[in-house]
Each structure stands twice: as structure tokens, then as C-alpha cells.
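Input: a single structure, listed below in C-alpha cells.
Just follow the structure's listing: the first ligand is 1, and inside any ligand the first atom is 1. A quick note: this is a predicted structure, and the numbers were derived from the prediction, not measured. Index from 1, following the sequence.
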Amino acid sequence: MQAISDHLFLSPEQARAVRAQFGTPVYIYHFSTLLAQAQQALEMPNAYGLTVRYAIKANPNKAFLQLFDRLGLHFDASSGYEVYRALRAGVAPEKIQLTAQELPEDLPELVEQGVLFNAGSLSQLQRFGALFPGREVSIRVNPGRGSGHSRRTNVGGPLSPFGIWHEHLDSARAIAAAYRLRITRLHSHVGSGADPDVWRQCAALTVALAHDLPAVRRVNLGGGFKVARMPGEPGTDLPEVGAAIARVLRDFREADAARRDLHLEIEPGAFLVANAGALLCTVIDVKDTGRQGERFTVLDGGMNDLLRPTLYGAQHPIWIISGDGAERAANDFIVVGHCCESGDIFTPAPGKPEEIQPRRLPAPQIGDIAIVGGAGAYGAAMGAANYNSFPRSAELLLTPDGELHVVRRRQALEEVVAGEQPLAEIDGWETAGL
Ligand code: LLP
């Protein structure tokens, strides 16, 4: 079957069959793309060994965790809850590293089990030292620069609260000395969808910091590899990045007093999963705002499923599949979601979340299928779940044999309201005199 585009893994027939069987909106993930991306990451050229950690936050579905575990990837967790999900999926604790703004209460138990800890601030390092004096530890540094596909995904430089500022390494060393900690791992992550040149410069800045940290044996350069979601958009050339970083590490070895062979770690999220996922929706309305106005296409999915366009002005490809198979003339349409929120748009102006840019599409009609691509990363994981009380959409995995496996069933309304308490049970309700 012919796929609709190079950037989509579904044929029109498959899309119609999916809707008939599972309804919409529904996420579909493509096993072969996940596999190919993981293999590419694992084969990234390197100087002295490579560990690939999947950034769980991109898509924490158990199926993803189990697949990547089986392929030999390790994991980057951004909260105690993500550590829990990885453990629950059967991942060995030693393969999980926690890099979090908020430390979980059960950090001591997790570390005792073997989970690795990456201190993202001086206070985190101090807390770890007090709990585990004499241990090995990783520190996350902010190397002084960053880059992202929007300012909101830039997590390096003076405006970012992530990591230990590079000029504060003396303080980190002092804390480590006070608790006899050995800083054996150095980490930085400077942003998502980073400009590849800036990414490489930040990587070099981070590696250089290892000269002043004599126990460091591993350097983790985080994720952030730019993904091409839109046709024609440039993406990261991983072999090229790998070769460049290998040169940086070889140069480091030459210049280093102890001639250290630094083992490299990377933490891709989007690179592994973004283009392996699509959100399949139904067109539920078509309307316009008059002769001087705009044409709108309304989908039965929205910011509750995929928040990136609303939050970042992120660009996602959209394909329309006519319900009746007929050809449609192209025209400009603003594609919006089903939420009662003017920001619920699928066609923001690039890089300007507050502005809208109509998209040239084969004129959609009510009942057509609309597929939003590039949605495997930070889609289901990051939607404004349950806004307007829409249940979470189902998630399906399409395997090479053409089978569809439900990896998350559609949320039931009872699950949306679970945990709510009737007002009458609030203490003091009767006495408030209402
Ligand atoms: N490592 C750390 C410590 C991170 O904080 C992140 C992402 C990654 C790795 C993976 O980054 P990636 O390779 O996926 O770019 N929600 C945004 C991205 C922000 C993610 C924050 N941290 C988006 O939808 O693009």
C-alpha cells in the first residue's frame, strides 16, 4: 500500500480502517520507524563508547519503554514517577538515570536499588551527599549557552534554571569534597530542537569542563537533536554530529593530563519517537468568517491531545483523507481543535504561538480524516489532558505485519472524574450555613 507521503507511515486505506475499528481521535505509532531511529542512535559514531538513554518524557508508554529496553537503550527519567514507570515496565534500575527539578521522596530507596542520580543544582548535590556520602554522582551543568526550536525549549544559558551554572563548579567541588562524593559523570542538556551548530558548541563547552573534574569518566550531552517534521525541514545528521563529538573527545584526551577516554552518553527523546507517531482525527466542522475572513476546519482532537502547536507554535504536517475518496481542490485553511479555547490551533504561524497561519490543504469536508504527523514525541505525553473533560485518546502500535495493537485504551469518563469527592463530604459544609 502506498503511504500518503514520505513523512507518513499510513496509507489512506489503513487510515480509514483504523477509524472504522478504533474511532477518533487516536494516536498511531509505527514500530518500524521506532526501530530504525533507535538503531541509528545506537550506531552513532563515537570515540570511546556510547550509551543511548531514551528521554522517557517524550513518550512514557510502557510499549515504548519495553521496546527500547529490549533494543539495549538506557533511560533518562525526569521525575520519580517516570522512574516508577520504567521499573514497572521491567527496566533494570541501573539503566535509569534521574535528572529532575523535583526530587522524589523515595530517592534513597531508588538509589539503593541502583537508579543513577544526576544532581541538577548545588542543593540537590548537597542533599545527595548527605544521604549517600562517599558515593559516585553525576552533575548536570548549564554550560552557559543553549538553543531550542522555540525560546521555551531552550534550557541552556543565563535564562535557564536547569543544571549547575558553569561558573559555580568550585562550589560543586566543595560540596563533593565535604561529602566525599566522586563526580564521575558530567551531564548537560541545552534544549530541544537545537540548532545543530549551537548543540555542537555547547557539547564542546561541556566536555571542556571535565578538565576541572578529575574523576569524570562519562559525559552525557543530553538530547535536543532537531527533528524534521515538516517536508523540506532540515533534521539532525546523527553520523555527522557523532563524528564531530568524537573529535571533541579525542582532542580532550590529547589535552587532558590523565589522558581520559570519556565514554559518551546521549539522551534523545524526539529523535527516537517524533516521526513514529501521528494523531488521526475526524473533521467535525468546516466554517468561515465571511468574504474577508478565514476558512476553518475543526477536528475532533485538540490541545488536550497535542499541545505543541499551541504552546510553541510548533509546526506539524497535516494530511486530509477524503471520506469518499474524491479529489479536492486545494485552498487555505486554519485547522483548529475541538476545545473551547482560541489557542487550540494546529496551524500556528511558525515560531509564533499567538499567531495563526492558514495552511494549503485539499478542501476538507465534514467526515474526512485529518492526520497530524510528527506527533510521537511530547504528544500523548504532554497534551492538556482532560481539558473540556475530553478523555485521553487511545494509542495504537502498528507492527510490521500490519497488525494494530492497543498500547493505551481510550480513557473512560469514569476515569476522567475518578477521585472527585461530593461537596457534601467536605468538612464544615453543613456549618457554613449555605
Ligand atoms: N534530556 C533531558 C535532561 C531533557 O530535559 C530532555 C527534554 C531530553 C533529554 C530530550 O530532549 P529531546 O531529544 O526530546 O529534544 N516538550 C518539548 C521539549 C522539551 C523537553 C524537555 N526536556 C517539545 O515538545 O519539543
Inset, instruction - Heavy atoms only: give me the nearest Asn304-Pro391 pair and the separation to one decimal. - result: ND2-O, 4.4 Å
Inset, instruction - For Glu267, take its heavy atoms, then give the atoms of ligand 1 lying under 4.0 Å from any of them. - result: 1 (N), 2 (C), 3 (C), 8 (C), 9 (C), 10 (C), 13 (O)
Legend entry - Gly223: numbered ligand 1 atoms lying under 4.0 Å from its heavy atoms: 9 (C), 13 (O)
Legend entry - Thr153-ligand 1 polar pair, N/O distance under 3.5 Å: no
Inset, instruction - For Asp76, take its heavy atoms, then give the atoms of ligand 1 lying under 4.0 Å from any of them. - result: 1 (N), 2 (C), 9 (C)
Inset, instruction - Locate the shortest heavy-atom distance separating Val198 from Ser147; write the atom from each residue and the value. - result: CG1-CB, 3.6 Å
Inset, instruction - Report, in ascending order of atom number, the atoms of ligand 1 lying under 4.0 Å from any heavy atom of His149. - result: 23 (C), 25 (O)
Inset, instruction - Identify, for atom 8 (C) of ligand 1, the protein heavy atom at the shortest distance, and state residue, atom and that distance. - result: His189 CE1, 3.4 Å
Legend entry - N/O separation below 3.5 Å, Tyr312 to ligand 1: yes
Inset, instruction - Flag the pair Phe390 / His338 as yes when their ring centroid distance falls below 6.0 Å, and as no otherwise. - result: yes
Legend entry - Note, Phe68 side chain near Val52 side chain (heavy atom, < 4.5 Å): no
Legend entry - Criterion side chain to side chain contact (heavy atoms under 4.5 Å, CB included) against Tyr27, the qualifying member of Asp305, Asn59, Leu396, Val407: Asp305
Legend entry - Option of least heavy-atom distance to atom 24 (O) of ligand 1 (set: His187, Gln101, Arg308, Met382): Arg308
Inset, instruction - Tell me, please: is Ala58 in heavy-atom contact with ligand 1, that is, under 4.0 Å? - result: no
Inset, instruction - Report yes if some N/O of Gly191 lies less than 3.5 Å from some N/O of ligand 1; otherwise report no. - result: no
Inset, instruction - State plainly whether the residues Glu254 and Arg259 are in salt-bridge range, i.e. N to O under 4.0 Å. - result: yes
Legend entry - Protein heavy-atom partner closest to atom 22 (N) of ligand 1 - residue, atom, separation in Å: Lys57 CD, 3.5 Å
Legend entry - Which residue and heavy atom of the protein sit nearest atom 15 (O) of ligand 1, plus the separation: Ser192 OG, 2.6 Å
Inset, instruction - Go through the steps to decide whether Thr51 and Leu264 satisfy the test side-chain contact (heavy atoms from CB on, under 4.5 Å), and finish with yes or no. - result: CA-CA 6 Å; Thr51 299; Leu264 175 66; over 6 Å; no
Legend entry - Interfacing atoms of ligand 1 (cut-off 4.0 Å, heavy-atom, Ala270): 12 (P), 13 (O), 14 (O)
Legend entry - Residues that Thr297 engages under side-chain hydrogen bond (donor to acceptor under 3.5 Å, both in side chains), provided they are two or more places apart: none
Legend entry - For atom 14 (O) of ligand 1, closest protein heavy-atom neighbour: Tyr378 OH, 2.6 Å
Inset, instruction - May I ask you to test the Leu213-Leu169 pair for a side-chain heavy-atom distance under 4.5 Å? - result: yes
Legend entry - Close approach of Arg53 to ligand 1, heavy atoms, under 4.0 angstrom: no
Legend entry - Centroid-centroid distance, Phe31 to His405, less than 6.0 Å: no
Legend entry - Close-contact set for ligand 1 against Pro268 heavy atoms, below 4.0 Å: 13 (O)
Inset, instruction - Any atoms of ligand 1 less than 4.0 Å from a non-hydrogen atom of Arg140? List them with their elements. - result: 3 (C)
Inset, instruction - Find out whether Tyr29 and Phe64 are in side-chain contact, i.e. whether some heavy atom of one side chain is under 4.5 Å from a heavy atom of the other. - result: yes
Inset, instruction - List every atom of ligand 1 that sits less than 4.0 Å from any heavy atom of Ala55, numbering the atoms from 1 in the order shown and giving each element. - result: 8 (C), 9 (C), 10 (C)
Inset, instruction - For Tyr312, check ring-ring contact (aromatic ring centres under 6.0 Å, His included) against everything at least two apart and list the hits. - result: His149
Inset, instruction - Give a yes/no on ligand 1: does Gly224 have at least one heavy atom closer than 4.0 angstrom to it? - result: yes
